[in-house]
Colleague: 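Can you read through this structure? Questions will come right after.
Basis for what follows: all heavy atoms, side chains included, without hydrogens, waters or symmetry-related copies.
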Amino acid sequence: MTKAPDGARSEARTGRLPSAELKEGLTRAAHRALLYGLGLTPADLERPLIGIANSWTDLVPGHRHLDELGRAVREGIQAAGGVAREFHTCAVCDGLAQGHSGMRYPLPSREVIADTVELMAMAHCLDGLVLIGGCDKIVPGQVMGLLRTGLPGIVVTAGCMAAGRWRGREDLTLSRLREFVGRVQAGEMTAEELAEVERVAVPGPGTCSMLGTANTMACLVEAMGLTLPGMAAAPALSREKNLLAVDSGRRAVGLVSEWFSARQVVTRASLLNAVAVDMALGGSTNSVLHLLAIAHEAGVPLSLDDFDLVSRTVPHLCDLQPGGRFPFPEFGRAGGVPELVAELGALVDLDPVGVDGRPLGESVREYRQAHPGDRAQGVIRPLTAPLRGTGGLAILRGGLAPEGAVVKVAGVSAEAMVHAGPARVFESSEAAVEAALAGRLAAGDVVVVRYEGPAGGPGMREQHMLSSVIVGMGLGAKVAIVTDGRFSGSTRGLCIGHVAPEAARGGPIALVRDGDRVTIDIPARRLELDVSAPELAGRRADRQGREALPEGLLSRYAALVGSASEGAVLGARRR
């Protein structure tokens, strides 16, 4: 496991805050001068120094309002007697990076974000952190960096945008828009209609309005106790979100005064709570990567076996797009994470203490009393009438995925839960999309897309463009996708990702040939390749592999990244 820097924690044990290293003593005259140059006063030097790690950018819709949330957080820090200083992390939009070579960069950006938080906090001796982020890799990366520092910290998530409206529909999300491309290809929609949808699908700031990775991770960090209650489902630009941001700034100062660090919040119990909420939500498959990576940084054991066990015991309760009926804003109206945790009851541990200083059960009870949810629409189903008796994600293993693979069961139709057919093998997502658009895929096919894993891609690209085209063409329940890459949180259909070991590391997926029979049995949790062991051994001896020649950051990432089965973190142990 990663060992976090000891500076902040050793200072806390003596009752001396980390920022004292900058402020106190004869030899720190130059340091104090630099702080005075920021506009601080001698009185400010007596106050805790709280960093705001903000991922604001006007290049990403989910983040272009975060400057406003930053000002609200600053207001809360100052009101509570702290000194706020803000810095920024990068923020890649998976939607804009989707379907081209730019998709190699979002997952590596998670590590860059974690590095940035660690670098800025430790180099400047910050006493605590407030993390402001939204889209897919940003919040996990920020949390990973926070855990490395050992500092107290709290998360403010961006909040989702409103759903789009078009021709009487009020539930339009970006995931549906991508599927419309397949409908145009199939002749069910005109290019002019698609152009109309493009202009209204993203009505304003905030994370995409379905249960994609961004909103999934917002829910999971709340379930983990790293945010104030109600944070995940509070909409972007809402009064509720702004008030939560102010309160989070205030609470950051309190966390420092109590020296209640993020490592005390992120425990095995709180991580298993997040896994349970993930299963009940039917969240993004990317959440598996991120929770494993967060656990790695926290020094807490968590494995695919834990996801598998929880998936077998926690039912899928939330009827949310992309696999369900409702856009994500309806989850907030139904009561959000506190309401879902209350419904899960004994299936979660109500004892872990979150950043609000209270056990989860107490926080949930008080929040629900003050903010009763409206469950009339059925967005959150009761335990007695779940959408599915098992979790919304499943871990598959077998001859094709000895270390495991992940499927979003919440997006798979009942008739597709067991599927067997001939493999159609592609060495890249672009080649598979081209075949789909050219009509070269048939019902029953198993599309195998390889060399898209963490090292082989490099960057573990999402295959959402492919899955969207297949679903849009009406083949979502008839054509399976199996890949060592990953899928967008907005994916639906029979999509098996995170196959490990990946092709670039010699996994069996590298040995599949056109026509091989592949069997997917989700109820039995199996992913099998019907090829004899002697035949596979012969293929392995003849295997040439695919030489990847990335440059810059990607070359370093490919050399260092671990298996998807362990969170695709840098330097992770490889089997």
Colleague: Output the distance between atom CZ (Phe487) and atom CD (Gln463), rounded to the nearest 0.5 Å.
Modeller: 6.0 Å

Colleague: Assess whether side-chain contact (heavy atoms from CB on, under 4.5 Å) is satisfied between Val364 and Arg368, documenting all intermediate values.
Modeller: CA-CA 6 Å; Val364 164; Arg368 293 177 71 219; 3.7 Å; yes

Colleague: Measure the spacing between CD of Glu111 and CG of Leu570 and express it to the nearest 0.5 Å.
Modeller: 4.5 Å

Colleague: Can you tell me if Thr213 and Ser284 form a side-chain donor-acceptor pair at under 3.5 Å?
Modeller: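 The answer is yes; a qualifying pair exists.
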
Colleague: Do Val202 and Met161 come within less than 4.5 Å of each other through their side chains, counting heavy atoms only?
Modeller: yes

Colleague: Taking NZ, NE, NH1 and NH2 as the nitrogens, is one of them in Arg397 or Asp308 under 4.0 Å from a carboxylate oxygen of the other?
Modeller: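 No, Arg397 and Asp308 are not salt-bridged.
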
Colleague: Do any N or O atoms from the side chain of Arg388 and from the backbone of His316 form a donor-acceptor pair under 3.5 angstrom?
Modeller: no

Colleague: Keeping the roles fixed (side chain from Asn215, backbone from Gly212), state whether a donor-acceptor pair exists under 3.5 Å.
Modeller: no

Colleague: Of Asp356, Val139, Val337, Val155, which meets side chain to side chain contact (heavy atoms under 4.5 Å, CB included) against Thr227?
Modeller: Val155

Colleague: Mark yes or no for whether Asp136, through its side chain, and Cys93, through its backbone, hold a donor-acceptor pair below 3.5 Å.
Modeller: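 Not confirmed, Asp136 side chain does not pair with Cys93 backbone.
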
Colleague: So, taking the atom named OG in Ser563 and the one named CG in Leu289, what distance separates them when rounded to the nearest 0.5 Å?
Modeller: 9.5 Å

Colleague: Working to the nearest 0.5 angstrom, can you tell me the gap between Cys495 SG and Leu466 CG?
Modeller: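 Cys495 atom SG to Leu466 atom CG measures 7.5 Å (nearest 0.5 Å).
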
Colleague: Report the residues that fulfil salt bridge (Lys or Arg N to Asp or Glu O under 4.0 Å) with Arg375, sequence neighbours left out, ordered by chain and then residue number.
Modeller: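 With neighbours one apart ignored, the set is Glu339, Glu343.
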
Colleague: Between Arg505 and Asp484, is the closest basic N to carboxylate O distance under 4.0 Å?
Modeller: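 Arg505 and Asp484: not salt-bridged.
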
Colleague: For Pro235, is there any backbone N or O sitting under 3.5 Å from a side-chain donor or acceptor partner on Lys241?
Modeller: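 Side chain of Lys241 to backbone of Pro235: no pair is present.
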
Colleague: For side-chain hydrogen bond (donor to acceptor under 3.5 Å, both in side chains), just list the numbers for His290 and Arg110, CA-CA rounded to whole Å, side-chain angles, deciding distance to a tenth of an Å, and then say yes or no.
Modeller: CA-CA 9 Å; His290 298 326; Arg110 185 187 71 181; 3.2 Å; yes

Colleague: Could you tell me the separation between the OG1 atom of Thr149 and the CD atom of Glu297, rounded to the nearest 0.5 Å?
Modeller: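 If we round to the nearest 0.5 Å, Thr149:OG1 and Glu297:CD are 10.5 Å apart.
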
Colleague: Kindly write out the residues that satisfy salt bridge (Lys or Arg N to Asp or Glu O under 4.0 Å) with Asp319, not counting sequence neighbours, or none if the list is empty.
Modeller: Arg325

Colleague: Can you give me every donor-acceptor pair (side chain of residues 245-252, partner residue at least two apart or in another chain, under 3.5 Å) with its distance?
Modeller:
unit_1, atom_1, unit_2, atom_2, d
Asp247, OD1, Arg250, NH1, 2.8
Ser248, OG, Leu244, O, 2.7
Arg251, NE, Val355, O, 2.5
Arg251, NH1, Glu258, OE2, 2.9
Arg251, NH2, Glu258, OE1, 2.9
Arg251, NH2, Val355, O, 3.3

Colleague: Minimum heavy-atom separation for Pro329 to Ser209, with atom names?
Modeller: CD-O, 3.7 Å

Colleague: Do Ile481 and Ile496 come close enough that some side-chain heavy atom pair is under 4.5 Å?
Modeller: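 Answer no - side chains too far apart.
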
Colleague: Measure the shortest side-chain to side-chain distance between Leu527 and Val518 over non-hydrogen atoms and say whether it is less than 4.5 angstrom.
Modeller: yes

Colleague: Which is it for Lys137 and Leu107 under the side-chain contact (heavy atoms from CB on, under 4.5 Å) test, yes or no, and what are the steps along the way?
Modeller: CA-CA 6 Å; Lys137 314 304 173 291; Leu107 189 57; 4.2 Å; yes

Colleague: Quick check: closest heavy atoms across Lys408 and Thr491, and the distance to 0.1 Å?
Modeller: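 For Lys408 versus Thr491, the nearest heavy atoms are CD-O, 3.9 Å.
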
Colleague: Would you name the heavy atoms of Glu403 and Leu304 that are closest together and state the gap between them?
Modeller: O-CD1, 3.4 Å

Colleague: Spell out, as yes or no, whether a donor-acceptor pair under 3.5 Å connects the side chain of Ser109 to the backbone of Val112.
Modeller: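 No; zero donor-acceptor contacts below 3.5 Å.
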
Colleague: Atom CG of Leu340 and atom SG of Cys219: how far apart are they, to the nearest 0.5 Å?
Modeller: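 Here the rounded value is 8.0 Å.
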
Colleague: Compare every heavy atom of Leu302 with every heavy atom of Ala295, then report the nearest pair and how far apart it is.
Modeller: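 Minimum heavy-atom contact is CB-CB, 3.6 Å.
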
Colleague: Please tell me if the side chains of Asn286 and Thr216 come closer than 4.5 Å, counting only heavy atoms from C-beta onward.
Modeller: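 They are not in contact (no side-chain heavy atoms under 4.5 Å apart), so the answer is no.
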
Colleague: From the options Ile395, Ile520, Leu396, select the one residue that forms a side chain to side chain contact (heavy atoms under 4.5 Å, CB included) with Val407.
Modeller: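 Running side chain to side chain contact (heavy atoms under 4.5 Å, CB included) over Ile395, Ile520, Leu396 with Val407 returns exactly one hit, Leu396.
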
Colleague: Walk me through it: do His419 and Thr519 pass the test side-chain contact (heavy atoms from CB on, under 4.5 Å)?
Modeller: CA-CA 6 Å; His419 181 100; Thr519 299; over 6 Å; no

Colleague: Do the side chain of Gln142 and the main chain of Ile132 share a donor and acceptor less than 3.5 angstrom apart?
Modeller: yes

Colleague: Looking at Asn54 and Leu66, would you say the former's side chain and the latter's main chain have a donor-acceptor pair under 3.5 Å?
Modeller: yes

Colleague: Report yes or no: do Gln98 and Ser488 form a side-chain donor-acceptor pair below 3.5 Å?
Modeller: no

Colleague: Would you say the side chain of Met460 lies within less than 4.5 Å of the side chain of His498, judging by non-hydrogen atoms?
Modeller: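 Side chain of His498 against side chain of Met460, heavy atoms only: contact under 4.5 Å found.
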
Colleague: Does Ser55 use its side chain to pair, donor to acceptor, with the backbone of Ala91 at less than 3.5 Å?
Modeller: no

Colleague: Please answer whether the main-chain N or O of Arg148 pairs with a side-chain N or O of Glu118 as donor and acceptor at a distance below 3.5 Å.
Modeller: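 Checked: no pair found.
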
Colleague: Under a 3.5 Å distance rule, please check whether Thr157 uses its side chain to pair with a backbone N or O of Gly159 as donor and acceptor.
Modeller: no

Colleague: So do the side chains of Val341 and Glu222 get within less than 4.5 Å of each other, counting heavy atoms only?
Modeller: no

Colleague: Give the intermediate values and the outcome of side-chain contact (heavy atoms from CB on, under 4.5 Å) for residues Leu393 and Met279.
Modeller: CA-CA 6 Å; Leu393 299 174; Met279 295 303 167; 3.8 Å; yes

Colleague: Assign the ring pair Tyr367 / His371 to parallel, tilted or perpendicular, where the plane angle (0 to 90°) is split at 30° and 60°.
Modeller: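 Rings of Tyr367 and His371: parallel, under 30°.
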
Colleague: Considering non-hydrogen atoms only, spot the tightest contact between Val449 and Thr483 and give its length.
Modeller: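 Residues Val449 and Thr483, closest heavy atoms: O-OG1, 2.7 Å.
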
Colleague: Under a 4.5 Å cut-off applied to non-hydrogen side-chain atoms, are Met217 and Thr207 in contact?
Modeller: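 They are not in contact (no side-chain heavy atoms under 4.5 Å apart), so the answer is no.
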
Colleague: List the atom of Ala276, the atom of Val348, and the distance in Å for their closest heavy-atom pair.
Modeller: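 Smallest interatomic distance, heavy atoms only, reads CB-CG1, 3.9 Å.
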
Colleague: Measure the shortest side-chain to side-chain distance between Val353 and Arg358 over non-hydrogen atoms and say whether it is less than 4.5 angstrom.
Modeller: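 Val353 vs Arg358: side chains apart.
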
